[in-house]
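One structure is given below, encoded as structure tokens.
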Amino acid sequence: MYDYNSVRVCSESADLKVQTEEKGNNQDIVYEMVFHPNGNLNGSWVDNEDILLKYEQK
């Protein structure tokens, strides 16, 4: 983790067990941002998990 322009930036861990523990211990931190084909921005590669911004069609 490092700070950049008042934003804490984290690199992704390849060890999913450790990543799950870290996410559980630091629930106020977004570890990854992924745009999914359904338009949602998630904090996970799983399309129905950790939805940060739900796509709303207008």
**OP:** Check the hydrophobic clustering (I, L, V, M, F, W, Y; side-chain heavy atoms under 4.5 Å; chains of links allowed) and say if Val34 and Val46 are grouped together.
**Re:** no
Original post:
Hey, is the main chain of Ser44 close enough, under 3.5 Å, to the side chain of His36 for a donor-acceptor pair?
Top reply: yes
Subject >> Euclidean distance, Lys23 NZ relative to Glu32 CD, rounded to 0.5 Å >> reply: 5.5 Å
Original post:
Is Glu56 atom CD crowded by more than 12 heavy atoms from other residues, nucleotides or ligands, each under 6.0 Å away?
Top reply: no
**OP:** Quick one: pull up OH in Tyr31 and CD in Glu22 and give me the separation to the nearest 0.5 Å.
**Re:** 4.5 Å
**OP:** Check whether Val30 and Leu53 end up in the same hydrophobic cluster, where Ile, Leu, Val, Met, Phe, Trp and Tyr are linked by side-chain heavy atoms less than 4.5 Å apart.
**Re:** yes
**OP:** Please answer whether the main-chain N or O of Asn40 pairs with a side-chain N or O of Asn38 as donor and acceptor at a distance below 3.5 Å.
**Re:** yes
Subject >> Euclidean distance, Ile29 CD1 relative to Arg8 CZ, rounded to 0.5 Å >> reply: 6.5 Å
Subject >> Distance, nearest 0.5 Å, that separates CH2 of Trp45 from CG of Asp50 >> reply: 13.5 Å
**OP:** Say whether, by atom type as modelled, one donor and one acceptor occur between the side chain of Asn42 and the main chain of Asp47 under 3.5 angstrom.
**Re:** yes
